[in-house]
Amino acid sequence: MWEYTDKVKEHFLNPRNVGEIEDADGVGEVGSLACGDALKLTFKVDENGRIVDAKFKTFGCASAIASSSALTEMIIGKTVDEAARITNEQIAEYLGGLPKEKMHCSVMGRDALEKAIAHYRGQPEKKVEGEIVCECFGVTDVQIRRAVKENHLTTIEEITNYIKAGGGCGKCHDRIQEIIDAELGRPAAKKESRPKQLTNIEKIRLIQETLDREIRPQLLQDGGNIELVDVDGDKVLVKLQGSCASCQMSQVTLKDYVEAKLKELVTDSLVVEEVR
Amino acid sequence: MEPIYMDNNATTRVAPEVVEEMLPYFSELYGNPSSMHTFGGQVGRRIRQARQKLAALLGAMPEEIIFTSCGTESDSTAIWAALRSNPDKRHIITTKVEHPAVKNLAEYLGTNGYRVTFVPVDGRGNLDLDYLYDHLSDDTAIVSVMWANNETGVIFPVEEIAARVAEHGAVFHTDAVQAVGKVPINLAENRIHMLSLSGHKLHAPKGVGALYVRRGTKFAPFLMGGHQERGRRAGTENVASIIGLGKAAELAAANLEEENLRVKKLRDRLEKELLARIPNAMVNGNPEKRLPNTTSIAFEYVEGEAILLLMDEFNICASSGSACTSGSLEPSHVLRAMGVPFTAAHGSIRFSLSIYNTEKEVDLVIEKLPPIIERLRQLSPFWAEHQKKNASRRSRN
């Protein structure tokens, strides 16, 4: 069960400003049935550019309904310019915080507000900017960059919590990681450079080093171990020890982990074989 | 206030008779059943009796029962045992609607050296048997199909599948966690090799389960160590819980008829009344081939978590196939595999009853739920749209 604050529960059980303003000055719709939540925000503006009424309709979970309700309370009485500065963090704060998996509910509120203000100002419907990264939820790279910047996000999981990207099939995780890395100015996923041509001695030394530094510590964690027996051309002969020796997955470990790691860090042509 | 508990596919109340039976093993009868002295030995005798009671419920022999810690352990043990005792076979068949205990292990094996076939279901949750049989091959090590689905209650023809699989020389395993105690099971009369069950789904405590392994089935233990469970599951026995599970099995055998008459009647009335009182609601899954206690109802244009929380105000306990309750963003893999449209999948609620439910409780849910759905629909932009469309359709006609 989610740990909702009393304020979230209160807004969910007694939502304010439910409905739709007939002759609204600003209308913003976001979300869809497929995504599991959607919000339609309408507001009325007086001659001084002040929001005098706002209403919402929301399909979604308790925190989506509470975020929408809070949003209407927050914008009524503000000028449109003031309202335009409201962030998703402020919506969440207004409710005393949201569970991290539910932050996307506050983002949905902010997005609907933005759309409604654009509609009020007569700005053309924004075209989808950027390329779609997450196909399950239709999220673009531009939206991911914005979420990283505004909410100081650093992991894929956080991106999913805030804007849902990556929460479906997971195929886009690599791309999301790249975007986060680029945005945070991290070097792209480190590909350790490796020398092009190796002499036999260099190759054996590199294999031994990779075994010692990268592979053995992993196996030791599972109670296993590995020993380099010989290198014959591109054939790497090893002996599995400890729990690896009796593990039903040892062949998988050998091929998918040990060989893959050596191919990555030494040279592509290596083949690992077990000596018993 | 006592909860109105209609979430028995999640877990059940421990029967008072079971608690009573277990209590001495937390106090004076603390001996280790493996000990040589009379004090410990008497505990061993009680475990033997529990094994007999559980075997009787399943139509099995006592030595075919291995006690485990939970349904998940039973599933893992069964699948690994089949793979390890058939090392040359690299193919696994299971379904798209299995419990995560089987599904996630199968997906893991699928990326770690095995080929895995996931058999699809149709819109009513029925398994595509031809697809399953077409994919059986000499390379198939194990076929694992649940007896009944936890979300919809749909029952699969596992006995028929087991016979076909056995002809092919593969192992057949069924996750019967939801079926045991709710449908009659007689393992003496079918060819199922392995069957998993969980204590806490049949009024025994959490933390105990069992795996049935037919005599003559090749087996390799998952936990190695001591000689407990005849070397097939090492580790000191969870004595009190095993004795509780034995008592629960005895009660389940006695209550099977009530489960299929009274509980089924309660479920049917709940379902019928809710469908009659709430528009745009429908049952997920084949209503004819279902567990007697389960109904999964989709309420269009509203979201499941919101429904659950409003029901919670009345202390009504059920669960939802909605994404928002699970922490993932997508609705249940079972409903998606059935092709339930998103309009309905997000608003699906599962009620699962037990012998402890009463007519009064069903009345209360029938009274409280319609206004809850109506209230959420008033909030939903899609409901207004849907009604507008309906109105214009009517005026055109």
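Letters A, B, ... mirror the listed sequences (proteins, then strands); counts begin at 1.
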Part of A:P99 lying under 4.5 Å from any heavy atom of chain B: neither
Donor-acceptor under 3.5 Å (B:S352 side chain, B:N8 main chain): yes
Contact origin within A:S68 toward chain B - heavy atom pairs under 4.5 Å: neither
Region of B:I307 in contact with chain A, defined by heavy-atom distances below 4.5 Å: neither
Neighbour count above 12 (heavy atom, 6.0 Å) for A:E135 CD: no
Stacked cation flag B:R377 on B:Y301, 6.0 angstrom / 45 deg: no
Side-chain H-bond candidate by donor/acceptor type, B:S74 with B:S196, under 3.5 Å: no
Greatest number of heavy atom pairs closer than 4.5 Å to chain A - which of B:P381, B:A384, B:A306: B:P381
